[in-house]
> 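Before anything else, here's the structure in question.
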Amino acid sequence: MSKIINVIKGTKDILPQDVAAWHRLEETALEVFTKYGYKEIRTPIFEATELFARGVGDTTDIVNKEMYTFEKSDRSLTLRPENTAGVVRSFIENGMARLSAPVKLWYHGPMFRYERPQAGRQRQFHQVGVEMFGIKQPTADAEVILLAVNYLKALGLNDLLVEINSLGCPTCREAYKKKIKEVLKPEFDNLCEDCQNRYEKNPLRLLDCKVESCKEIFEKPEIKKVIQSDFVCEECAEHFRELKSYLDKMGVKYQENKLLVRGLDYYNRTVFEIKSNNLGSQNAVCGGGRYDSLVRNLGGDDVPAVGWAMGMERLNSLLPAIDMAKLDAYIVSNDSTQAFVLAEELRNAGKIVEFDLSNKKFTKQLEKASKSAKFALILGEDEINNGTVSVKNLETSEQVTVQRDKVLALI
RNA sequence: GCGGGUGUCGUCAAGUGGUUAAGACCUCGGAUUGUGGUUCCGAUAUGCAUGGGUUCGAAUCCCAUCACCCGCCCCA
């Protein structure tokens, strides 16, 4: 035997016994999202590298060190690390800004990030997500959050923690960034290396640093005061208040988290995450927010938007496994032709049916039937001569012999 | 990029220097040429991630490499 070839690190086969769980996620998504008027969209899994550099943001870790990028015909292409940029690209390219707003889209599929794999984190992973275009009012933010919560509920996940925050608009956020930099300046040398880098590039990202020494610095009263100050302008504050009021009325439980920043550059105003305590350290199931300037930044009109994505592997790890479906019937016969004919009749009537293709002994066939099917349909010499079938219920062991055309009614 | 851990059959595993590498499950065959799921018997690793080394002798000790897992970071 020659050397076997393994799956690539950070990728996984989804095996037959796991597929039912994935269908559950996809079918529930279709069902729930359709009720809210969302239409599915499927975009390519690779795009121009520039789309992600401009879309996701070139200060993000995703763009800086996690993209699978390759050259082909002098073009730089990248396997999508997330799908918002791709959907926005398609929105612009297909003139969807001219459709009657809102334009509501959903998607699911594989994403690729070159990260160190660990629990809840793969290099090829799958996301399901929604994007809503054209509505600047907080009704849109409320609807997508409600949609996320109801999707999780439909899957049977009720007790997850919803966290929300407002990042303000570019104007008020600039002022806030400036204040944070000012108050942290004396502590600059005490910050961790990463935070020192973030200090210039994206000071907001300092706030969710996990390093203890940094957390301590942020706990200092004079610094905490600035961090927790309500920096958002009145317009943004009103937007956020309205959102919370909708969530309250819809019975969505949430916590405000001032430190919730999110790692992608395109967000403004509303950001949110949904977390679970049962996922180990990669505890976010859902992340999203509002991105009012992304469409314009990618060359489209000034169209506000809001959306989120969920990690499907993480969802599955929170949900109970699904057993593989049993066959409705397994035909036990040594007459392959007769078995073929009966199997096809039943399959055409919608039943899941198999029979032995290798002419095994009767007992072996029955053994196989008992392991894989609800009923054994015995089609031996006697039955064939009489135009009958013996139908054996493999759970109760009850067996009856009936005319062939009565079989369907019994299984 | 930085830490920690683990690699023995398809799967789970015993074995911690001494002859032929336990056992269980799965799979396959037989007991049983038309009655299974219970039972009984049998088959299945010339090899212990890979490559070196130490030794009379290595799955076991040493070194290197590889793979996977977990944590940090980041994110879904």
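Order of the sequence lines sets the chain letters (A, B, ...), proteins ahead of strands, with each chain counted from 1. Below, each value reflects all heavy atoms present in this structure, side chains not excepted, and no hydrogens, waters or symmetry copies.
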> For A/Tyr114, is the NZ or CZ atom of A/Arg123 found under 6.0 angstrom from the centre of its six-membered ring and inside 45 degrees of the ring axis?
yes
> Within the structure shown, what part of the strands sits under 4.0 Å from A/Glu367 by heavy-atom distance: base, sugar-phosphate, or nothing?
sugar-phosphate
> Mind checking A/Lys9 for me? I need base, sugar-phosphate or nothing, with any heavy atom below 4.0 Å counting as a touch.
sugar-phosphate
> Could you tell me whether A/Gly120 contacts a base, only the sugar-phosphate backbone, or nothing, with contacts defined as non-hydrogen atoms closer than 4.0 Å?
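Base, at least one base atom sits under 4.0 Å.
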> For A/Gly380, which contact category applies under a 4.0 Å heavy-atom criterion: base, sugar-phosphate, or nothing?
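Base contact.
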> Closest to the A/Arg121 side chain: B/rC73, B/rG29, B/rG71?
B/rC73
> Below 3.5 Å, does any donor atom in the side chain of A/Ser397 face an acceptor in the base of B/rG37, or the other way round?
yes
> Under the 3.5 Å rule, do the base of B/rG34 and the side chain of A/Glu383 count as making a donor-acceptor pair?
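Such a pair is found, so the answer is yes.
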> Under 4.0 Å between a side-chain N or O of A/Gln365 and OP1 or OP2 of B/rG36?
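For B/rG36, OP1/OP2 do not have a side-chain N/O of A/Gln365 under 4.0 Å.
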> Nearest to the A/Leu394 side chain among B/rC75, B/rG36, B/rC70, which nucleotide is it?
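Nearest to the side chain of A/Leu394 among the choices is B/rG36.
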> Considering every strand and a 4.0 Å limit on heavy-atom distances, what is the contact class for A/Glu395: base, sugar-phosphate, or nothing?
base
> What nucleotide among B/rC2, B/rU35, B/rC75 has an atom nearest to a side-chain atom of A/Ile62?
B/rC75
> B/rC68, B/rC69, B/rG36: which one has an atom nearest the side-chain heavy atoms of A/Ser370?
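Selected nucleotide: B/rG36.
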> Could you please name the option among B/rG71, B/rU35, B/rG37 that lies closest to any side-chain atom of A/Leu366?
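The nucleotide sitting nearest to the side chain is B/rU35.
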> Please pick, from B/rC75, B/rG71, B/rA31, the nucleotide with the shortest atom-to-atom distance to any side-chain atom of A/Lys361.
B/rA31
> Does the protein touch nucleotides 39-45 of chain B at the base, only the backbone, or not at all? Give it as B, S and - per nucleotide, heavy atoms under 4.0 Å.
-------
> With rounding to the closest Å, how many angstrom separate the P atoms on B/rU11 and B/rA49?
13 Å
> Please list, by residue number, the residues of residues 306-326 of chain A whose heavy atoms come closer than 4.0 Å to an atom of RNA chain B; answer none if no residue qualifies.
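A/Ala309, A/Gly311, A/Arg314 - these, ordered by number, are the residues of the stretch whose heavy atoms sit under 4.0 Å from the strand.
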> Tell me which pairs pass salt bridge (charged side-chain N to carboxylate O under 4.0 Å, His left out) where either residue lies in residues 393-411 of chain A, with sequence neighbours left out.
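Passing the test, one end in residues 393-411 of chain A: A/Glu345-A/Arg404.
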